[in-house]
Amino acid sequence: MAAVKPFLCVRPEASVASRVAALPYDVYNRAEAKEETAREPLSFLNIDRAETQFPDDVDTYDDRVYAKAKELLDAWIANGTFIEDNTPCYYIYELTMDGRAQTGIVACSSIDEYADGTIKKHENTRADKEADRIRHVDTCDAQTGPIFLAYRARADINAVVDEVKKEAPIYDFTAPDGIRHTVWRIAAPDRVKALEEGFSRVPNTYIADGHHRAASAVRVGFKRREENPGYRGDEPYNFFLSVLFPDEQLMIMDYNRVVKDLNGRTDEEFMEEVKKAFDVKEVGKEAYHPTRKGEFGMFLNDTWYCLTTRRVPTGDPVDDLDVSVLQDTFLAPVLGIGDPRTDKRIDFIGGIRGLSELERRCHTDMKVAFSMYPTSIEELFEVADAKRLMPPKSTWFEPKLRSGLFIHRLS
């Protein structure tokens with residue numbers, strides 16, 4: 001059962017919360033991060049991407065970069081930019097995009113439950129991507145980016161959330177990208193107890209987004225245990241910062257594909273292969289987004305097509321994903337994309353960019369594009385429950401959680 005705990009939160013003083021809150025560190029390249037910190041001197045990117053404080057000839061992973069992150073975090077706590085709870089609390093964090101809200105609970109999850117599979121994963125992680133966040137968490141002695149977890153909704157947890165949301169929030173602002181962020185604090189002992197007991201009846205939680213951040217936080221926790229062999233198990237480093245959302249509120253967007261060439265085929269030869277694999281309907285100039293599972297949009301030579309797979313479902317939770325069907329029945333055998341994780345001829349476009357981005361890429365550096373029907377949250381759960389892994393670039397979650405609104409110190 002899920003151990004989801006309240007914690008002593010470090011968070012921005014209310015008047016600066018909107019300025020501190022930043023998109024996740026890995027959304028930006030170095031130049032973009034520097035541009036953002038120049039625009040907003042209080043952006044948490046100053047800490048999350050502390051290389052922005054140095055000339056470009058200083059390596060992103062230089063020891064001085066991590067030391068600077070800790071220096072800034074400590075300074076912002078000292079000068080009152082950040083304040084700290086004096087009692088363990090939960091927080092409610094609601095994000096509203098285009099009039100649609102999703103509401104999660106900010107808490108700490110157990111590194112042991114990550115290790116034993118109570119917290120389920122659907123992606124592999126790469127050691128090189130973990131290394132940076134391990135050093136950042138360990139040096140700062142704090143987790144600064146929450147992990148996006150999902151769980152199957154429960155009425156008792158929803159009831160507490162609904163009651164708290166009737167009260168005045170501690171933060172309520174709209175970010176420059178139009179996403180509204182609203183936060184409530186839960187300190188009352190009866191509500192804290194009700195949430196803790198509610199989650200104790202949740203069998204599993206699932207990492208929706210942030211696999212590398214989660215793995216890094218867990219590795220630091222086990223490292224701290226090795227350094228403190230007499231640990232009790234309730235020390236802060238035994239837990240990692242999470243925002244947990246009920247499945248009924250989550251929206252997964254499409255994660256679309258663009259391919260550089262037709263693998264040596266002419267346009268006519270390529271279309272013959274398409275017709276062998278799919279039922280094909282020409283749509284025309286209007287961008288086509290699939291309306292159901294098993295359907296794909298294709299953009300080629302300024303024309304959109306609707307493709308419907310003829311493949312019969314197998315009952316396998318991974319093989320039956322639309323991203324798997326497209327990869328296994330067409331991208332690999334026809335276009336020669338053997339490993340989409342490493343093949344330079346394919347690229348992936350998050351649904352937030354819109355189908356116009358697929359058209360733009362086909363007019364610049366790509367030849368053909370495929371629009372996807374989004375993977376569902378239930379499909380994600382089914383893959384994780386089967387202890388399987390999704391193909392790369394299967395899910396795109398929006399809106400993105402902001403970093404800097406909630407910080408979990410490890411000691």
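What you see is a predicted model; the values in this text were computed from it and never measured.
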Open item on the list: Could you work out, with salt bridge (Lys or Arg N to Asp or Glu O under 4.0 Å) as the rule, every residue matching D177, not counting sequence neighbours?
Closed with: R402
TODO: Verify, without hydrogens or angle tests, whether S110 (side chain) and D112 (backbone) share a donor-acceptor contact under 3.5 angstrom.
DONE: yes
Residues 305-313, side-chain donor-acceptor partners within the protein, below 3.5 Å, at least two apart:
from : atom 1 : to   : atom 2 : distance (Å)
T309 : OG1    : R311 : N      : 3.0
R310 : NE     : D279 : OD1    : 2.9
R310 : NH1    : K275 : O      : 3.1
R310 : NH1    : K276 : O      : 2.7
R310 : NH2    : K275 : O      : 2.8
R310 : NH2    : F278 : O      : 2.9
R310 : NH2    : D279 : OD1    : 3.3
R311 : NH1    : D319 : O      : 3.3
R311 : NH1    : D320 : OD1    : 3.4
R311 : NH2    : D319 : O      : 3.4

Please report, to 0.1 Å, the donor-acceptor pairs under 3.5 Å made by any side chain of residues 333-341, with sequence neighbours excluded.
from : atom 1 : to   : atom 2 : distance (Å)
D339 : OD1    : R341 : N      : 3.0
D339 : OD1    : R341 : NE     : 3.1
D339 : OD2    : R341 : NH2    : 3.4

Task: Pair K166 + D162, salt bridge at N-O below 4.0 Å - done: no
TODO: Could you list the residues that satisfy ring pair (Phe, Tyr, Trp, His ring centres under 6.0 Å) with F148, not counting sequence neighbours?
DONE: F245, F397
TODO: Please check if the side chain of R49 supplies one atom and the backbone of Y25 the other of a donor-acceptor pair under 3.5 Å.
DONE: yes
Open item on the list: Test of understanding: with side-chain hydrogen bond (donor to acceptor under 3.5 Å, both in side chains), list the residues that count as partners of D385, not counting sequence neighbours.
Closed with: K120, R152, Y206
Open item on the list: Per the ring-ring contact (aromatic ring centres under 6.0 Å, His included) rule, what does the pair list look like for residues 336-357, sequence neighbours excluded?
Closed with: none
Task: Summary of salt bridge (Lys or Arg N to Asp or Glu O under 4.0 Å) pairs that have at least one residue in residues 283-293, sequence neighbours excluded - done: R292-E295, K293-D322, K293-E379
Open item on the list: Quick one: does any side-chain atom of D347 pair with a main-chain N or O of V258 as donor and acceptor, under 3.5 Å?
Closed with: no
Open item on the list: Test of understanding: with side-chain hydrogen bond (donor to acceptor under 3.5 Å, both in side chains), list the residues that count as partners of R409, not counting sequence neighbours.
Closed with: E84
Open item on the list: According to salt bridge (Lys or Arg N to Asp or Glu O under 4.0 Å), does anything in residues 237-259 pair up with another residue at least two apart or in another chain? List the pairs.
Closed with: none
- [ ] Only pairs at least two apart or in different chains count here, so list each ring-ring contact (aromatic ring centres under 6.0 Å, His included) that has a residue in residues 96-138.
- [x] H122-H211
- [ ] Write out all pairs satisfying salt bridge (Lys or Arg N to Asp or Glu O under 4.0 Å) with one or both partners inside residues 130-140, taking only residues at least two apart or from two chains.
- [x] D48-R133, D63-R135, E130-R219, D138-K223, D138-R224
Task: Sequence neighbours excluded, every pair satisfying ring-ring contact (aromatic ring centres under 6.0 Å, His included) that has a member inside residues 150-180 - done: Y151-F199, F173-H181
Open item on the list: Salt bridge check, E71 against K68: does any charged N sit closer than 4.0 Å to a carboxylate O?
Closed with: yes
